[in-house]
S.K.: 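This is the structure, below, for whatever I ask next.
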Amino acid sequence: MHAQDRKPQQHSFAYGDEEITFTLRRQPSRVVPRVAIHVEPDGRVHVDAPSTAPLAKVLAAVKKRSRWISQHVSAAKARLAHVLPREYVSGESLHYLGRRYRLKVVVEPEASVKAYMRGPFIIVAVPKHDTTTIRSALDDWYCQRAREVFAQRFLVIAGPLQWVQELPPVRLRFMQRQWGNCSPAGRITLNPWLVRAPRVAIDYVLLHEMCHLKHHNHSRAFYSTLDRHMPNWREIKEQLDERAAEYLR
Ligand SMILES: [Zn+2]
């Protein structure tokens, strides 16, 4: 075995919309008799495995526990999200459509302020490092993306809804603890931060609000309409709620 094989190695694999990344630490088999998975308080995942275990076997053992890992990682992140304010520095993680991106702040004295996405990065170009400027460029970017994504999804979701003849007026508003609402007059307000959530969660919120165009309450009739058009909405809502602290930050 080469010396470098003993260095901790990063591995990752897809689990639904997520990517699970873990550091593999090889241990003599007398120390660790089998694969052990730890989720650190900051959400990092460590896997200890005997140095003799083939990588494919280790990966299979970790993948088997994907659901458990994912739940513990989001719980750890949600706890952190409450205590750690955003700093708007490079490397900070940002979500868009349920995927994790990294913030990259590019300081160019001549640059005009702009935000854009490139590969795994959301890049904010600023003439100098200023938190307020970076934050507002990011907020604008999220609003722009939200407007575009929500408009596309409205068309798809409203299609089969017979009571929706034309798309309702929609406005965006940053909110602390609400994804959206529908006024008695049928005006829908959506939280731009919702664009951080996976598309299926966006669809659920849009459908929920459009069901309010038919039932202006949370009556049984409301839920049976919702059930008819999205039978698995409870599961989707549960996942969205689990991530709320992270997305609403
Ligand atoms: Zn409602």
Side-chain angles (χ1 to χ4, degrees), residues 16-18 67 70-71 73-82 85-86 93-101 135 138-249:
D17 283 350
E18 299 169 43
R67 193 179 156 78
S70 162
Q71 280 170 349
V73 169
S74 5
K77 294 231 151 100
R79 275 194 302 273
L80 267 188
H82 284 301
R86 287 199 177 281
S93 88
L94 299 170
H95 287 85
Y96 174 64
L97 294 180
R99 293 209 168 83
R100 197 181 293 280
Y101 291 85
R135 182 194 181 139
L138 267 179
D139 288 356
D140 287 351
W141 182 82
Y142 273 113
C143 271
Q144 224 173 41
R145 299 310 311 149
R147 208 163 279 131
E148 211 164 294
V149 171
F150 298 166
Q152 283 167 10
R153 301 315 297 166
F154 258 119
L155 288 175
V156 177
I157 299 300
L161 311 180
Q162 277 158 14
W163 67 91
V164 182
Q165 299 301 331
E166 53 181 53
L167 290 181
V170 174
R171 62 176 181 163
L172 298 182
R173 192 153 68 89
F174 287 110
M175 293 181 277
Q176 293 290 311
R177 48 187 94 243
Q178 248 192 324
W179 296 118
N181 59 56
C182 181
S183 77
R187 176 203 266 271
I188 292 178
T189 304
L190 292 169
N191 193 338
W193 294 143
L194 180 61
V195 82
R196 289 172 166 171
R199 202 175 60 194
V200 65
I202 297 172
D203 288 356
Y204 154 68
V205 174
L206 298 191
L207 177 65
H208 180 113
E209 301 310 337
M210 281 194 284
C211 287
H212 279 318
L213 297 173
K214 192 177 182 193
H215 310 280
H216 289 275
N217 48 39
H218 290 119
S219 59
R220 267 177 119 122
F222 168 84
Y223 285 114
S224 80
T225 307
L226 195 52
D227 281 336
R228 195 159 49 246
H229 292 279
M230 192 179 273
N232 62 336
W233 69 266
R234 284 177 186 81
E235 205 180 298
I236 296 166
K237 179 183 186 299
E238 195 182 314
Q239 282 169 11
L240 179 61
D241 289 346
E242 267 174 30
R243 299 273 178 153
E246 224 174 321
Y247 294 155
L248 289 173
R249 187 152 75 107

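Note that ligands are numbered from 1 as they come in the structure, with each ligand's atoms numbered from 1 the same way.
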S.K.: Mind checking what makes side chain to side chain donor-acceptor pair (under 3.5 Å) contact with His218, not counting sequence neighbours?
M.R.: His208, His212
S.K.: Using the side-chain contact (heavy atoms from CB on, under 4.5 Å) criterion, which residues pair with Arg173? Sequence neighbours excluded.
M.R.: Arg171, Met175, Thr189
S.K.: Only one of Phe174, Trp179, Tyr247 clears ring-ring contact (aromatic ring centres under 6.0 Å, His included) with Trp193; which?
M.R.: Phe174
S.K.: Please report the closest heavy-atom contact between Ser93 and Arg100, naming both atoms and the distance.
M.R.: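 Closest approach of Ser93 to Arg100, heavy atoms only: OG-NH1, 3.2 Å.
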S.K.: For the atom pair CD (Gln239) and CD (Glu242), what is the distance rounded to the nearest 0.5 Å?
M.R.: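 Rounded to the nearest 0.5 Å, the CD-CD separation comes to 6.5 Å.
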S.K.: Output all residues satisfying salt bridge (charged side-chain N to carboxylate O under 4.0 Å, His left out) with Arg99, sequence neighbours left out; order by chain, then residue number.
M.R.: none
S.K.: What is the total of protein N/O/S atoms that are closer to the Zn ion (ligand 1) than 2.8 Å?
M.R.: 3
